[in-house]
Amino acid sequence: MKITFLGAARTVTGSCYVLECEHARFAIDCGMHQGNRVIEARNWDENGVYRPEALDFILLTHAHIDHSGLLPRLAAKGFKGRVHTTAPTRDLLTIMLEDSARIQETDAQWRSTKKMRAGDRPVEPLYTVEQAQKVLKQLKIEEYSTAFEPAPGIRVVFNDAGHILGSAFIELWVKEGDEETKLVFSGDLGRPNQLLVRNPQTVEHADFLFLESTYGSRNHKNETQSRQELAEAIAYSYERGEKVIIPAFAVERTQELLYSFYLLRQEGKLPEDLPVYVDSPLAIKATEIFRRHWDYYDHETKQRVKNGENPLELPNLRYTLTAEESRAINTSQGPAIVIAGSGMANAGRIKHHLRHNIWKPGASIVFVGFQAEGTPGRRIVDGAQTIRILGEELSVKAKVFTIGGFSGHAGQSQILDWLSHFRNPDVQIYLVHGEHSGQKVLAELIREKFKYAVHIPDYLDECLLEKGGRFELTARPSLAAPRIDWEYLLEETTDKLDQVRERVEFIQRMGLSNQVEIRGNLLDINARFTSILSELMFEQKRKNGKA
């Protein structure tokens with residue numbers, strides 16, 4: 001049996017692991033790669049690594065786009081099998097994949113217009129709304145704790161992972177010849193005592209465990225402390241007449257925040273006249289799905305619902321569906337709470353709210369989830385004094401709050417506690433869905449505490465999985481991290497600058513309007529160089545501070 005790591009390997013995006021065994025070739029998750037250009041290029045499968053036409057079925061842990069976002073593309077490129085998942089995940093996918101497709105179509109249209117103006121050919125979207133709607137017909141609902149067989153010799157059980165509504169970790173038994181091997185894929189493992197969702201179930205045995213490690217190097221604050229910090233952020237901006245801006249993912253995080261505001265209101269810590277905006281059409285639709293699937297809530301929340309309470313509702317809650325309503329928030333006067341996507345501040349309406357508020361000393365920016373390297377959210381959390389948003393360099397004057405207790409991922413100690421339920425000492429552990437620096441910390445802790453064998457695969461690594469055998473790895477570092485020829489790139493930049501310098505006398509003989517336009521272009525280039533230098537100095541200072 002062989003596994004290939006097609007995503008979420010030393011990164012927190014693009015989860016996909018393809019298994020090839022005696023009876024089938026199948027995938028666990030097929031997430032979209034999100035981040036910089038190199039990372040996002042993986043979505044286009046330039047190296048033919050997915051081979052969707054050769055996949056027999058897909059096991060989907062949950063609805064987040066970094067775990068499900070390539071489903072429409074794989075189906076459009078030839079995947080004809082079933083996608084097994086839970087009922088809440090199915091319902092969430094009906095809105096999330098279509099929303100993702102609309103973003104792909106809009107982005108492709110914008111880039112096509114830009115290319116055609118330059119005489120180039122238009123570009124195709126990663127996938128279309130029609131393709132996103134079509135793949136929904138391939139979904140098959142499975143129940144928690146109930147075994148099913150997607151192919152001969154393969155048995156699967158979904159268990160509640162406690163991450164978001166309907167999320168699952170997967171127990172997988174594969175029979176080859178007379179031998180049966182058990183694999184466990186944690187998916188995104190939730191933290192205990194979250195609002196709304198149940199605690200993660202546990203498991204006691206696996207030959208191979210593929211364990212998420214998003215927070216492998218740190219722990220979360222407790223829920224009560226986190227809610228108090230949220231109250232402090234609200235009070236800070238309310239007293240100064242400014243807004244609280246919260247980048248948050250549409251699914252789970254937004255609903256947990258609404259529940260938190262509901263509790264704060266009961267505790268007298270949410271001002272009666274303070275409007276709370278959910279500025280995300282996707283989050284609004286997701287909240288309705290959460291309300292329909294209340295039978296998946298944890299015990300405490302179920303009791304509230306049975307008692308006639310609605311923990312996802314507030315008297316001053318306002319939903320903004322249209323772009324016009326969203327813009328009106330930033331022209332309104334006085335304090336408010338604004339929840340908008342995306343959660344890492346790298347896309348969506350949140351960018352506009354940050355642009356209008358991050359430079360205001362009385363405003364608050366509240367981060368309630370993981371911020372991946374390279375995202376604007378990560379730069380702000382790390383202490384950047386300026387940030388470029390929508391083409392404008394902005395000073396960071398708002399107060400920044402980072403509240404880890406709202407994360408849907410297990411913290412370091414919670415991962416170790418979940419792992420402590422395993423009873424077989426020969427389990428082989430592969431750390432996935434985490435940044436390499438944090439994975440190394442977690443790997444060492446696991447080796448020290450449990451004496452387990454731990455491996456950290458990279459993108460496109462292939463591993464032969466033999467029970468009781470030695471770790472076999474085929475690495476492809478040139479594909480995982482293609483080398484950037486900085487010397488050539490900088491020489492090319494210098495050469496173009498020299499060519500402009502050689503033509504200065506000619507430029508000076510041109511008309512004034514032409515000279516002003518060229519000057520403007522060069523000023524824009526200088527501004528970009530200033531931004532690059534600022535970022536380099538900031539990162540260098542941050543890294544030196546950690547050394």
Side-chain angles (χ1 to χ4, degrees), residues 8 11-15 29 31-35 60-69 88-89 91-100 102-103 161-167 187-191 194-197 212 214-215 220 226 230 244-261 276-290 293 312 319-320 326 337-354 365-372 374-378 380-381 401-410 433:
T11 65
V12 293
T13 186
S15 289
D29 287 341
M32 183 182 293
H33 299 271
Q34 299 166 306
L60 197 67
T61 61
H62 64 287
H64 278 151
I65 290 298
D66 64 324
H67 290 257
S68 69
T89 298
D91 288 356
L92 289 169
L93 286 175
T94 62
I95 62 172
M96 295 183 72
L97 291 180
E98 184 173 330
D99 179 76
S100 175
R102 292 191 191 284
I103 292 171
H163 173 60
I164 68 170
L165 203 71
S167 63
D188 282 359
L189 196 64
R191 59 179 173 82
Q194 278 193 85
L195 297 175
L196 286 170
V197 298
E212 83 121 308
T214 310
Y215 284 92
H220 301 314
S226 295
L230 183 60
V244 180
I245 307 300
I246 309 179
F249 293 109
V251 176
E252 190 66 39
R253 199 60 41 80
T254 294
Q255 291 74 39
E256 188 173 9
L257 283 167
L258 291 179
Y259 199 158
S260 297
F261 294 140
V276 178
Y277 293 95
V278 176
D279 188 27
S280 164
L282 182 61
I284 295 167
K285 294 175 184 177
T287 303
E288 287 305 312
I289 291 173
F290 270 65
H293 285 287
L312 299 180
Y319 291 117
T320 51
S326 177
I337 298 170
V338 184
I339 307 169
S342 71
M344 296 186 191
N346 56 342
R349 294 181 178 181
I350 194 64
K351 295 173 75 172
H352 296 275
H353 296 301
L354 287 172
I365 313 297
V366 181
F367 290 97
V368 291
F370 185 81
Q371 304 299 309
T375 62
R378 180 62 166 265
I380 296 168
V381 166
F401 293 80
T402 304
I403 311 177
F406 284 105
S407 174
H409 293 268
H433 202 286

Check whether any side-chain heavy atom of H352 lies under 4.5 Å from a side-chain heavy atom of S326, and answer yes or no.
-> no
From H67 NE2 over to T89 OG1, what is the distance, rounded to the nearest 0.5 angstrom?
-> 11.0 Å
Strictly by modelled atom types, are D279 and T320 linked by a side-chain donor-acceptor pair under 3.5 Å?
-> yes
P281 vs R349 side-chain heavy atoms within contact, under 4.5 Å | yes
Might you point out which heavy atoms bring S226 and I403 nearest each other, and give the distance in Å?
-> CB-CG2, 3.5 Å
Report yes if the side chains of V366 and F406 come closer than 4.5 Å at any heavy-atom pair, otherwise no.
-> no
Between D66 and V12, is any pair of side-chain heavy atoms under 4.5 Å apart?
-> no
Sequence neighbours left out, what passes salt bridge (Lys or Arg N to Asp or Glu O under 4.0 Å) with D99? Give chain and number order.
-> none
Quick one: does D188's side chain get under 4.5 Å of T61's, heavy atoms only?
-> no
For the pair R378 (side chain) and M344 (backbone), establish whether a donor and an acceptor sit closer than 3.5 Å, ignoring hydrogens and angles.
-> no
Looking at CD of E252 and OG1 of T287, how far apart are the two atoms once the value is rounded to the nearest 0.5 Å?
-> 10.5 Å
Straight-line distance of L196 CG to H293 NE2, nearest 0.5 Å = 13.5 Å
State, with a plain yes or no, whether a side-chain heavy atom of V251 is found less than 4.5 Å away from one of F290.
-> yes
Who pairs with A283 by side chain to side chain contact (heavy atoms under 4.5 Å, CB included), at least two apart in sequence or on another chain?
-> A250, T254, V278, S280
How many angstroms lie between atom CG of L165 and atom CD1 of I289, to the nearest 0.5 angstrom?
-> 9.0 Å
Nearest heavy-atom pair of A248 and R253: which atoms, and what distance?
-> CB-CG, 4.2 Å
Separation between CD (Q194) and CD1 (I164), nearest 0.5 Å, reads 10.0 Å
Aromatic ring centroids of H220 and Y215 under 6.0 Å?
-> yes
Do L257 and L230 touch side chain to side chain, with heavy atoms closer than 4.5 Å?
-> yes
Would you please classify the geometry between the F249 ring and the H64 ring as parallel, tilted or perpendicular, with 30° and 60° separating the classes?
-> tilted
Derivation and outcome, side chain to side chain contact (heavy atoms under 4.5 Å, CB included), residues I65 and L97 = CA-CA 8 Å; I65 290 298; L97 291 180; 4.2 Å; yes
How long is the span from the OH atom in Y277 to the CD1 atom in I337, to the nearest 0.5 Å?
-> 11.0 Å
Check whether any side-chain heavy atom of L60 lies under 4.5 Å from a side-chain heavy atom of L93, and answer yes or no.
-> yes
Does a side chain donor of either H409 or H433 reach within less than 3.5 Å of an acceptor in the other side chain?
-> no
